[in-house]
Amino acid sequence: MTAGSAPLPAPPASWTIAPAPVRSPEAVALMREYMTEVADRWFLLHEGRTTTPDEVEGYVAEEPHDDLVPPRGVLLVARREGQPMGCLGLRWFDRERGTAELKRMYVRPAARGLGAAPALLAAAEATAREWGAARLVLDTRKDLVEARALYARHGFVPVPRYNTVEDNPYAEVWMGKELPGAVR
(Lines give C-alpha, C1' and ligand atoms only; values in the text may rest on other atoms or scores of the structure.)
Protein backbone atom coordinates (compact mmCIF):
# COMPACT_ATOMS: atom_id res chain seq x y z
CA MET A 1 0.00 0.00 0.00
CA THR A 2 1.39 3.40 -0.91
CA ALA A 3 1.35 6.39 1.37
CA GLY A 4 -2.02 8.10 1.35
CA SER A 5 -3.91 5.21 -0.27
CA ALA A 6 -6.89 3.78 1.49
CA PRO A 7 -6.86 0.16 2.61
CA LEU A 8 -8.66 -2.26 0.36
CA PRO A 9 -12.19 -3.09 1.47
CA ALA A 10 -12.68 -6.41 3.16
CA PRO A 11 -14.08 -9.09 0.89
CA PRO A 12 -17.83 -9.59 1.28
CA ALA A 13 -18.92 -12.14 3.82
CA SER A 14 -19.97 -15.35 2.19
CA TRP A 15 -23.36 -16.97 2.40
CA THR A 16 -23.90 -20.18 4.31
CA ILE A 17 -26.87 -22.21 3.13
CA ALA A 18 -28.10 -25.08 5.29
CA PRO A 19 -31.33 -26.93 6.06
CA ALA A 20 -33.32 -25.69 9.05
CA PRO A 21 -36.32 -27.15 10.85
CA VAL A 22 -39.49 -25.39 9.71
CA ARG A 23 -40.56 -24.86 13.31
CA SER A 24 -37.25 -23.34 14.42
CA PRO A 25 -37.52 -19.72 15.62
CA GLU A 26 -35.49 -18.46 12.65
CA ALA A 27 -37.62 -20.34 10.11
CA VAL A 28 -40.86 -19.20 11.73
CA ALA A 29 -39.66 -15.57 11.65
CA LEU A 30 -38.58 -15.81 8.00
CA MET A 31 -41.87 -17.44 6.97
CA ARG A 32 -43.89 -14.77 8.82
CA GLU A 33 -41.90 -12.04 7.04
CA TYR A 34 -42.40 -13.81 3.71
CA MET A 35 -46.16 -14.15 4.27
CA THR A 36 -46.43 -10.50 5.33
CA GLU A 37 -44.56 -9.23 2.28
CA VAL A 38 -46.41 -11.27 -0.35
CA ALA A 39 -49.80 -10.64 1.30
CA ASP A 40 -49.11 -6.91 1.62
CA ARG A 41 -48.17 -6.71 -2.06
CA TRP A 42 -51.35 -8.56 -3.08
CA PHE A 43 -53.62 -6.46 -0.87
CA LEU A 44 -51.99 -3.19 -1.94
CA LEU A 45 -52.47 -4.13 -5.59
CA HIS A 46 -56.05 -5.40 -5.25
CA GLU A 47 -57.51 -3.54 -2.26
CA GLY A 48 -55.20 -0.57 -1.65
CA ARG A 49 -54.27 -1.66 1.85
CA THR A 50 -51.78 -3.83 3.71
CA THR A 51 -52.59 -6.94 5.68
CA THR A 52 -53.65 -6.83 9.28
CA PRO A 53 -51.70 -8.74 11.94
CA ASP A 54 -54.67 -11.12 12.31
CA GLU A 55 -54.66 -11.83 8.57
CA VAL A 56 -50.94 -12.59 8.64
CA GLU A 57 -51.41 -14.96 11.56
CA GLY A 58 -54.22 -16.66 9.64
CA TYR A 59 -51.99 -17.15 6.60
CA VAL A 60 -49.18 -18.52 8.76
CA ALA A 61 -51.63 -20.97 10.37
CA GLU A 62 -52.96 -22.04 6.94
CA GLU A 63 -49.42 -22.80 5.73
CA PRO A 64 -47.71 -24.96 8.36
CA HIS A 65 -44.92 -25.74 5.87
CA ASP A 66 -45.10 -29.46 6.69
CA ASP A 67 -44.30 -30.09 3.03
CA LEU A 68 -40.77 -28.80 3.70
CA VAL A 69 -39.88 -31.59 6.13
CA PRO A 70 -37.77 -34.62 5.14
CA PRO A 71 -38.27 -36.93 3.35
CA ARG A 72 -40.74 -34.88 1.28
CA GLY A 73 -38.93 -31.55 1.40
CA VAL A 74 -36.47 -29.22 3.02
CA LEU A 75 -36.26 -25.58 4.07
CA LEU A 76 -32.92 -24.02 3.20
CA VAL A 77 -31.84 -20.96 5.20
CA ALA A 78 -29.26 -18.46 4.01
CA ARG A 79 -27.06 -16.98 6.71
CA ARG A 80 -24.60 -14.12 6.46
CA GLU A 81 -22.20 -13.71 9.35
CA GLY A 82 -24.33 -16.22 11.22
CA GLN A 83 -27.58 -14.27 10.86
CA PRO A 84 -30.55 -15.84 9.01
CA MET A 85 -31.28 -13.57 6.05
CA GLY A 86 -33.38 -15.67 3.68
CA CYS A 87 -34.94 -19.00 2.90
CA LEU A 88 -36.15 -21.22 0.10
CA GLY A 89 -38.25 -24.34 0.33
CA LEU A 90 -37.77 -27.38 -1.89
CA ARG A 91 -40.21 -30.26 -2.01
CA TRP A 92 -41.07 -33.16 -4.20
CA PHE A 93 -43.91 -32.34 -6.54
CA ASP A 94 -43.94 -35.57 -8.55
CA ARG A 95 -41.24 -37.99 -7.42
CA GLU A 96 -42.08 -40.59 -10.09
CA ARG A 97 -41.46 -38.04 -12.83
CA GLY A 98 -38.45 -36.54 -11.06
CA THR A 99 -40.05 -33.13 -10.51
CA ALA A 100 -39.24 -31.02 -7.45
CA GLU A 101 -40.85 -27.68 -6.65
CA LEU A 102 -39.45 -24.45 -5.22
CA LYS A 103 -41.59 -22.75 -2.58
CA ARG A 104 -41.47 -19.68 -0.38
CA MET A 105 -38.35 -17.89 -1.61
CA TYR A 106 -37.63 -14.94 0.65
CA VAL A 107 -34.66 -12.68 1.33
CA ARG A 108 -34.82 -10.01 4.00
CA PRO A 109 -34.74 -6.49 2.50
CA ALA A 110 -31.37 -5.67 4.13
CA ALA A 111 -29.77 -8.61 2.31
CA ARG A 112 -31.26 -8.08 -1.14
CA GLY A 113 -28.75 -7.56 -3.91
CA LEU A 114 -25.98 -9.25 -1.92
CA GLY A 115 -26.20 -12.70 -3.52
CA ALA A 116 -28.50 -14.55 -1.12
CA ALA A 117 -31.10 -15.45 -3.74
CA PRO A 118 -28.61 -16.90 -6.25
CA ALA A 119 -26.93 -18.82 -3.41
CA LEU A 120 -30.29 -20.22 -2.29
CA LEU A 121 -31.20 -21.21 -5.86
CA ALA A 122 -27.84 -22.93 -6.36
CA ALA A 123 -28.24 -24.85 -3.10
CA ALA A 124 -31.79 -25.89 -4.01
CA GLU A 125 -30.66 -27.08 -7.45
CA ALA A 126 -27.80 -29.07 -5.92
CA THR A 127 -30.16 -30.63 -3.37
CA ALA A 128 -32.72 -31.48 -6.06
CA ARG A 129 -30.01 -33.16 -8.15
CA GLU A 130 -28.90 -35.16 -5.09
CA TRP A 131 -32.51 -36.27 -4.64
CA GLY A 132 -32.56 -37.41 -8.27
CA ALA A 133 -34.87 -34.67 -9.53
CA ALA A 134 -34.53 -33.99 -13.25
CA ARG A 135 -36.68 -30.85 -13.24
CA LEU A 136 -37.58 -27.94 -10.99
CA VAL A 137 -40.89 -26.08 -11.17
CA LEU A 138 -42.34 -23.10 -9.35
CA ASP A 139 -45.40 -20.92 -9.36
CA THR A 140 -45.56 -17.22 -8.63
CA ARG A 141 -47.64 -14.12 -9.26
CA LYS A 142 -47.44 -11.53 -12.02
CA ASP A 143 -46.84 -8.70 -9.55
CA LEU A 144 -43.73 -10.37 -8.13
CA VAL A 145 -41.68 -9.05 -11.03
CA GLU A 146 -38.36 -9.14 -9.16
CA ALA A 147 -38.80 -12.83 -8.39
CA ARG A 148 -39.78 -13.65 -11.97
CA ALA A 149 -36.73 -11.78 -13.29
CA LEU A 150 -34.47 -13.61 -10.84
CA TYR A 151 -35.81 -16.99 -11.90
CA ALA A 152 -35.43 -16.13 -15.59
CA ARG A 153 -31.81 -15.05 -15.03
CA HIS A 154 -31.19 -18.46 -13.51
CA GLY A 155 -32.58 -20.46 -16.40
CA PHE A 156 -36.24 -20.86 -15.50
CA VAL A 157 -38.62 -20.59 -18.44
CA PRO A 158 -42.42 -20.36 -18.64
CA VAL A 159 -44.20 -23.71 -18.48
CA PRO A 160 -47.88 -24.66 -18.59
CA ARG A 161 -49.78 -24.68 -15.31
CA TYR A 162 -48.70 -27.81 -13.45
CA ASN A 163 -50.82 -27.52 -10.30
CA THR A 164 -54.42 -26.80 -9.40
CA VAL A 165 -56.14 -23.66 -8.17
CA GLU A 166 -56.56 -25.44 -4.83
CA ASP A 167 -52.77 -25.90 -4.64
CA ASN A 168 -52.23 -22.15 -5.00
CA PRO A 169 -55.18 -19.91 -5.80
CA TYR A 170 -52.86 -16.90 -6.23
CA ALA A 171 -50.55 -18.48 -8.83
CA GLU A 172 -50.51 -16.70 -12.20
CA VAL A 173 -47.13 -17.69 -13.62
CA TRP A 174 -45.51 -21.13 -13.84
CA MET A 175 -41.84 -21.69 -14.56
CA GLY A 176 -39.55 -24.67 -14.88
CA LYS A 177 -35.94 -25.65 -15.35
CA GLU A 178 -34.39 -28.91 -16.47
CA LEU A 179 -31.61 -30.27 -14.24
CA PRO A 180 -29.11 -32.21 -16.33
CA GLY A 181 -26.82 -34.41 -14.33
CA ALA A 182 -29.35 -35.45 -11.71
CA VAL A 183 -28.61 -38.78 -10.03
CA ARG A 184 -31.63 -41.06 -10.58
Side-chain angles (χ1 to χ4, degrees), residues 16-42 51 55-79 84-108 116-144 147-148 150-151 154-179 182-184:
T16 303
I17 312 294
V22 296
R23 290 189 183 18
S24 68
E26 63 190 11
V28 169
L30 288 165
M31 287 293 106
R32 183 169 278 108
E33 291 172 37
Y34 162 81
M35 290 287 190
T36 300
E37 183 168 325
V38 297
D40 278 354
R41 287 180 72 159
W42 191 91
T51 51
E55 287 171 327
V56 170
E57 290 309 312
Y59 298 137
V60 170
E62 287 174 16
E63 294 277 346
H65 312 297
D66 292 338
D67 54 345
L68 302 179
V69 175
R72 180 144 194 257
V74 64
L75 179 68
L76 300 171
V77 171
R79 290 178 184 79
M85 299 303 285
C87 62
L88 175 59
L90 176 68
R91 69 177 183 177
W92 278 111
F93 180 76
D94 186 338
R95 192 180 293 235
E96 287 183 19
R97 292 193 171 118
T99 303
E101 183 180 33
L102 299 180
K103 299 297 290 182
R104 302 169 191 102
M105 165 76 104
Y106 177 72
V107 175
R108 287 182 163 150
L120 282 162
L121 284 172
E125 286 184 27
T127 301
R129 281 187 178 94
E130 289 171 11
W131 288 357
R135 183 174 191 223
L136 284 174
V137 294
L138 62 91
D139 63 28
T140 190
R141 297 187 331 228
K142 290 179 182 176
D143 65 309
L144 300 177
R148 290 182 14 238
L150 170 78
Y151 299 134
H154 290 274
F156 287 82
V157 297
V159 297
R161 180 180 205 127
Y162 63 85
N163 55 10
T164 67
V165 171
E166 291 79 24
D167 290 333
N168 185 351
Y170 302 103
E172 301 169 309
V173 176
W174 296 266
M175 300 178 88
K177 179 178 182 176
E178 298 301 317
L179 297 177
V183 179
R184 289 221 19 115

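Atom set for the values below is all heavy atoms of this structure, side chains included, hydrogens, waters and symmetry mates excluded.
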Evaluate the side-chain contact (heavy atoms from CB on, under 4.5 Å) criterion for residues L136 and L90: first the C-alpha distance (whole Å), next the side-chain angles of each, then the deciding distance (0.1 Å), finally the verdict.
-> CA-CA 9 Å; L136 284 174; L90 176 68; 3.7 Å; yes
When rounded to the nearest 0.5 angstrom, what is the spacing between [atom1] in [X] and [atom2] in [Y]?
X	Y	atom1	atom2	result
Y151	K177	OH	NZ	12.0 Å
Y106	E33	OH	CD	4.0 Å
Y162	R135	OH	CZ	9.0 Å
R104	L138	CZ	CG	13.0 Å
R91	L75	CZ	CG	13.0 Å

Find out whether [X] and [Y] are in side-chain contact, i.e. whether some heavy atom of one side chain is under 4.5 Å from a heavy atom of the other.
X	Y	answer
L102	L121	yes
W42	V38	no
Y170	L144	no
M31	C87	yes
Y59	T51	yes
V173	R148	yes

What do the steps show when you test F156 against T140 for side-chain contact (heavy atoms from CB on, under 4.5 Å), and what is the final call?
-> CA-CA 12 Å; F156 287 82; T140 190; over 6 Å; no
If I compare all heavy atoms of [X] with all of [Y], which pair ends up nearest, and what's the gap?
X	Y	answer
A20	R79	CB-NH2, 4.3 Å
G86	L30	O-CD1, 3.7 Å
H65	M35	CE1-CE, 3.9 Å
A124	L88	CB-CD2, 3.6 Å
A27	P21	CB-O, 3.3 Å
A117	L150	CB-CD2, 3.6 Å

In sequence, state the C-alpha distance, the side-chain angles, and the governing distance for V137 and N163, and then conclude on side-chain contact (heavy atoms from CB on, under 4.5 Å).
-> CA-CA 10 Å; V137 294; N163 55 10; over 6 Å; no
Would you call E172-R141 a salt bridge at under 4.0 Å N-O?
->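 No, E172 and R141 are not salt-bridged.
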With K103, the salt bridge (charged side-chain N to carboxylate O under 4.0 Å, His left out) member among D66, D139, D67, D167 |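 For K103, the salt bridge (charged side-chain N to carboxylate O under 4.0 Å, His left out) test succeeds with only one of D66, D139, D67, D167, which is D139.
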